[in-house]
Amino acid sequence: MKIKVQAGKSIRQAILENGLDIDNFIVADIDGKLVDLSYTPSNDLEAYLLDTQDQRSLEVLRHSTAHLMAQAIKRIYGNKAKITVGPPVDIGFYYDIDFEEPISEKDLENIEKEMTKIVEENLTIERQELRKEQAIELFKKLDEPYKVLMLEQDIQEEVVSIYKQGEFIDLCRGPHVTSTGKIKYFKLLSVSGAYWKGSEKNKMLQRIYGTAFFTEEELKRFLYQREEAKKRDHRILGPQLELFEIDSSSIGGGLVIWLPKGEKVRYIIEEFLRKKLEERGYLFVRTPHIANSDLWRTSGHLAVYNKYMFPIMTTEEGQEFIVKPMNCPFHIKVFQSKTRSHKDLPLRIAEYGTVYRYEKSGVLHGLLRVRGFTQDDAHIFCTPDQVEDEIIDLIYLTKEILTRFGFENYKVYLSTRPEEFVGSIELWDLAEKALKNALDKVGIEYMVNEGEGAFYGPKIDVEITDALSRTWQCSTIQLDFNLPQRFGIYYIGPDNSKHTPVMIHRAILGSFERFFGILIEHYAGEFPLWLSPIQAIILPVSQKFNDYAQQVFQELKSRGIRVEIDKEAEKLGYKIRQAEIKKIPIMIIVGQKEVESGTISVRRKGQGDLGSMKIDDLLKLLTI
RNA sequence: GCCGGUGUAGCUCAGCGGCAGAGCAGGUGAUUUGUAAUCACCAGGUCAGGGGUUCAAAUCCCCUCACCGGCUCCA
């Protein structure tokens with residue numbers, strides 16, 4: 001809401017004089033700039049007050065909580081802890097601190113206690129402006145070398161602001177809440193490492209993550225959601241639901257075993273995608289997992305991509321082989337397998353190509369970052385004129401595929417020519433224009449990442465948003481002016497002379513491993529019927545009805561339903577529980593009643609008992 | 001790769017200088033069951049690996065490996 005502030009009076013005074021509740025407002029916006037409520041303008045103006053509902057207020061609260069934590073840490077550790085930076089982030093805030101003796105998560109409780117004390121002290125948070133030299137002197141005196149470094153090296157302004165709360169002083173732009181008493185609902189979350197200024201070359205500091213909210217309910221909800229997210233972690237659900245396994249000790253980190261049920265899901269996805277691709281004229285191929293090292297010299301990978309490639313294997317005959325990190329050189333070979341005419345273009349070569357990349361052990365993460373994975377890869381060879389239509393087709397295809405998995409929201413990024421590039425500027429301009437035209441014609445919103453393209457061509461990346469509003473990059477469409485040149489591939493144009501085709505690398509799911517990991521979390525392990533490895537399970541009320549259950553089983557099986565049967569000598573409740581835990585979508589219960597009437601009783605996971613029906617009725621239900 | 005944490009039965013974890021434990025899962029038997037856990041018994045171990053301290057190490061110390069939270073990287 002808007003409020004008039006007179007010269008010489010603080011916004012806080014203005015709020016009070018207007019009879020408004022000061023507790024509702026956190027900071028004020030003056031011409032787009034956020035200021036403290038203690039701000040006192042030198043001439044009359046209008047300020048826009050931000051209440052606790054405003055996202056920016058929450059950021060301020062969290063920023064203030066970061067300061068609160070830093071103050072608590074300074075009280076406990078004194079100058080054995082040097083403060084650096086502590087901004088708000090989407091989950092809350094962090095503060096990077098250089099501790100003389102490393103702390104661990106056990107210490108967080110103690111820090112939280114001290115924070116609570118400071119909240120109770122209700123210290124006023126005051127802003128003060130000083131000249132840069134004064135600030136440098138101040139932080140030298142306070143023995144905060146990182147603040148001094150920032151002032152000396154990074155901050156351009158001649159006048160800087162500091163914030164004081166009790167004995168604690170921090171260099172900060174602000175704004176902040178008016179006093180430490182305003183911070184009530186907070187929680188410290190984790191301790192981790194973080195490089196000073198984010199560079200590997202610099203010293204590693206300790207980063208403490210925390211969060212804060214205006215109400216206790218919001219904090220509780222946040223913590224609850226974190227717990228829920230943990231439960232749908234694909235690394236927990238995967239082995240639990242017998243989908244996949246990663247045995248780092250006996251097989252190796254980042255190498256995935258697809259268990260029968262996971263493979264079933266993958267197969268369904270593969271076949272679904274294959275059908276869509278073949279409809280659009282893609283030709284599937286299959287290529288080796290290793291190749292002569294010369295292939296990778298020609299492609300340039302050995303020079304440019306070396307650090308992600310497993311080392312060369314040399315045979316006793318002295319031949320060198322390398323495990324493939326990419327499929328593209330092989331698809332070039334497919335293109336080269338005969339002389340191509342312009343009439344053959346666009347040529348769309350697809351492969352579910354398994355590649356291996358050496359990733360540092362610390363970056364491996366379940367199925368999301370692995371060392372061996374299968375891309376839903378394809379390379380489109382076309383003329384420069386055909387690029388636009390191909391991209392349009394690709395965007396529609398990508399949308400169609402992702403929508404099938406319940407991903408409706410996307411962010412699209414177009415990355416353009418970087419400083420170092422191959423190919424002519426004319427070709428780049430033509431290609432970038434083609435990509436833009438394609439995006440515009442489809443009517444998709446996108447952001448341009450200027451200069452972020454690969455050295456070999458511009459690209460379009462698609463980020464999907466999952467059920468927990470997290471974003472993931474899967475699809476990528478990359479133009480390549482480099483490989484066709486390096487391998488000297490050509491097609492015969494209408495003019496009967498040789499031309500170099502444009503190559504488009506593209507993946508829609510990215511890799512089956514990564515996409516599967518995302519899907520597991522997106523669905524929390526409860527796959528929709530069409531993907532579920534087991535669609536239905538038949539539960540005889542007692543073993544007396546096993547024969548009838550077997551008949552139902554045969555019937556459903558012959559109709560193509562993925563069905564199982566639980567013939568154990570257990571109570572129905574137990575069998576239902578087992579089926580629920582396995583997240584099987586349909587439970588079919590058969591007992592005396594069903595045998596007599598020739599029906600089945602259907603229970604849908606998450607919905608409960610649907611009553612009894614004929615098998616045909618269930619089949620109808622399943623096809624909806 | 002870097003910082004911190006954690007490695008005990010298939011899984012989740014307790015034990016933290018003095019006999020290797022529980023629950024779930026698994027096996028066997030009994031029970032023949034109506035919409036989220038029937039009972040009993042059995043089996044299951046290089047306490048991640050290696051070295052050291054100690055009369056004695058799952059437990060304390062060191063090294064290695066793996067994983068987890070992040071950072072960097074990748075996309």
Side-chain angles (χ1 to χ4, degrees), chain A residues 89 91 94 96-99 101-108 189-209 226 230 233 235-236 239-240 242 245-254 305 307-308 325 357-366 368-371 373 375 413 415 449 452 454 459 461-463 471-476 478 507 510-511 514 539-546 567-583 587-595 601-612:
Chain A
V89 289
I91 61 156
Y94 67 78
D96 283 351
I97 290 168
D98 188 4
F99 284 94
E101 297 284 329
I103 64 156
S104 73
E105 270 165 42
K106 290 187 196 91
D107 300 308
L108 294 184
L189 302 170
S190 63
V191 181
S192 58
Y195 298 106
W196 165 239
K197 287 191 188 173
S199 168
E200 235 176 331
K201 294 187 188 96
N202 289 340
K203 185 170 183 188
M204 181 151 286
L205 313 168
Q206 285 197 289
R207 172 169 298 180
I208 304 177
Y209 280 95
R226 251 169 93 87
K230 242 189 243 171
D233 190 324
R235 293 168 301 178
I236 310 278
Q240 215 169 61
E242 298 174 8
E245 195 175 83
I246 296 175
D247 184 341
S248 318
S249 53
S250 70
I251 292 173
Y305 206 68
K307 70 186 240 209
Y308 293 107
R357 296 183 185 172
Y358 174 73
E359 300 278 6
K360 290 181 192 171
S361 58
V363 307
L364 299 175
H365 186 91
L368 301 179
R369 191 82 179 269
V370 291
R371 284 178 171 159
F373 55 100
Q375 298 176 303
Y413 300 91
S415 301
N449 288 336
E452 292 286 304
K459 61 173 181 175
D461 291 318
V462 180
E463 268 185 5
T471 58
W472 305 97
Q473 208 220 297
C474 296
S475 318
T476 178
Q478 306 189 1
S511 82
R514 188 175 161 79
L539 312 175
V541 170
S542 91
Q543 288 182 317
K544 285 185 217 155
F545 312 110
N546 277 2
K567 289 185 174 175
E568 292 298 307
E570 287 290 351
K571 290 166 74 171
L572 181 60
Y574 180 84
K575 291 185 182 185
I576 287 174
R577 182 176 158 78
Q578 293 307 312
E580 288 277 348
I581 289 170
K582 289 182 189 161
K583 302 189 192 291
M587 283 156 266
I588 295 168
I589 289 125
V590 293
Q592 190 64 38
K593 279 189 295 188
E594 288 74 19
V595 172
S601 240
V602 178
R603 179 189 163 98
R604 187 93 202 231
K605 176 166 172 34
Q607 289 174 29
D609 196 354
L610 301 185
S612 62

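From a predicted model like this one, the values you see are computed outputs, not experimental measurements. Within every chain, numbering begins at 1; the chains are lettered A, B, ... in the order of the sequence lines, protein sequences first and strands thereafter.
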### salt bridge (Lys or Arg N to Asp or Glu O under 4.0 Å) partners for A:Lys201, two or more places apart
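Per chain and number, A:Lys201 pairs via salt bridge (Lys or Arg N to Asp or Glu O under 4.0 Å) with no residue.
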### Message
For A:Asp107, give me all partners under salt bridge (Lys or Arg N to Asp or Glu O under 4.0 Å), at least two apart in sequence or on another chain.
### Response
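Once residues adjacent in sequence are excluded, A:Asp107 has no partner under the salt bridge (Lys or Arg N to Asp or Glu O under 4.0 Å) criterion.
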Rounded to whole Å, please give me the gap between [atom1] in [X] and [atom2] in [N].
X: A:Lys575; N: B:rU32; atom1: NZ; atom2: P; answer: 14 Å
X: A:Glu568; N: B:rA30; atom1: CD; atom2: P; answer: 14 Å
X: A:Leu189; N: B:rG5; atom1: CG; atom2: C1'; answer: 16 Å
X: A:Asp609; N: B:rA36; atom1: CG; atom2: P; answer: 9 Å
X: A:Leu572; N: B:rU33; atom1: CG; atom2: P; answer: 12 Å
X: A:Asp96; N: B:rG4; atom1: CG; atom2: C1'; answer: 13 Å

Determine the interatomic distance between [atom1] on [N] and the same-named atom on [M]; round to the nearest Å.
N: B:rG45; M: B:rG4; atom1: P; value: 36 Å
N: B:rU8; M: B:rG50; atom1: P; value: 15 Å
N: B:rA58; M: B:rA20; atom1: C1'; value: 9 Å
N: B:rC19; M: B:rC24; atom1: P; value: 26 Å
N: B:rG10; M: B:rG27; atom1: C1'; value: 13 Å
N: B:rC63; M: B:rA9; atom1: C1'; value: 27 Å
N: B:rG70; M: B:rA14; atom1: C1'; value: 28 Å
N: B:rA40; M: B:rA57; atom1: P; value: 38 Å

Who is the Watson-Crick or G-U wobble partner of [N], with both distances under 3.5 Å?
N: B:rA48; result: B:rU64
N: B:rC39; result: B:rG29
N: B:rU59; result: none
N: B:rU54; result: none
N: B:rG69; result: B:rC3

Under 3.5 Å, N/O pairs linking protein and nucleotides 37-41 of chain B:
| from | atom 1 | to | atom 2 | distance (Å) |
| --- | --- | --- | --- | --- |
| B:rA37 | N9 | A:Arg577 | NE | 3.3 |
| B:rA37 | N7 | A:Arg577 | NE | 3.1 |
| B:rA37 | N7 | A:Arg577 | NH1 | 3.1 |
| B:rA37 | N7 | A:Arg577 | NH2 | 3.4 |
| B:rA37 | N6 | A:Arg577 | NH2 | 2.3 |
| B:rA37 | N1 | A:Arg577 | NH2 | 2.8 |
| B:rU38 | O4 | A:Glu570 | OE2 | 3.2 |

### base_contact_polar (B:rG34 base, A:Glu594 side chain, donor-acceptor, <3.5 Å)
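Check passes, donor-acceptor contact within cut-off.
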### Query
Which one of A:Arg603, A:Gln578, A:Lys575 satisfies the side-chain contact (heavy atoms from CB on, under 4.5 Å) criterion with A:Met587?
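Only match with A:Met587 under side-chain contact (heavy atoms from CB on, under 4.5 Å): A:Arg603.
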### Message
side-chain hydrogen bond (donor to acceptor under 3.5 Å, both in side chains) for A:Ser511 and A:Gln375? Distances and angles first, verdict last.
### Response
CA-CA 4 Å; A:Ser511 82; A:Gln375 298 176 303; over 6 Å; no
### Task
List the protein contact pattern of nucleotides 65-75 of chain B with one symbol per nucleotide (5' to 3'): B for base contact, S for sugar-phosphate-only contact, - for none; contact means a heavy-atom distance under 4.0 Å.
-SSSBBBBBBS
### Task
Kindly write out the residues that satisfy side-chain contact (heavy atoms from CB on, under 4.5 Å) with A:Glu463, not counting sequence neighbours, or none if the list is empty.
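Expected list: A:Lys411, A:Tyr413, A:Thr471, A:Gln473.
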#### Entry: Set of side-chain contact (heavy atoms from CB on, under 4.5 Å) partners for A:Leu368, sequence neighbours left out
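Result, side-chain contact (heavy atoms from CB on, under 4.5 Å) vs A:Leu368: A:His234, A:His365, A:Trp472, A:Arg514, A:Ile518.
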### Task
Would you mind classifying the nucleic acid contact of A:Gln240 as base, sugar-phosphate or nothing, using non-hydrogen atoms under 4.0 angstrom?
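Answer is nothing: A:Gln240 stays at 4.0 Å or more from every strand.
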### Query
Mind checking whether A:Leu572 and A:Ile589 have side chains closer than 4.5 Å, heavy atoms only?
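Yes - at least one pair of side-chain heavy atoms lies under 4.5 Å apart.
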### Query
Heavy atoms, side chains only, cut-off 4.5 Å: are A:Glu245 and A:Pro239 in contact?
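No - every pair of side-chain heavy atoms lies 4.5 Å or more apart.
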### Query
Centroid-to-centroid, A:Tyr358 to A:Tyr308, below 6.0 Å?
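When the ring centroids of A:Tyr358 and A:Tyr308 are compared, they turn out to be at least 6.0 Å apart.
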#### Entry: A:Leu189 to A:Ile91 - nearest heavy-atom pair and separation
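Scanning both residues completely, I find the closest heavy atoms to be CD1-CD1, 4.0 Å.
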### Task
May I ask you to evaluate whether A:Lys544 reaches the phosphate of B:rU33, defined as a side-chain N or O under 4.0 Å from OP1 or OP2?
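Checking B:rU33 against A:Lys544, a side-chain N or O does come within under 4.0 Å of OP1 or OP2.
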### Query
Are more than 12 heavy atoms from other residues, nucleotides or ligands located less than 6.0 Å from atom CD of A:Glu568?
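12 or below, so no.
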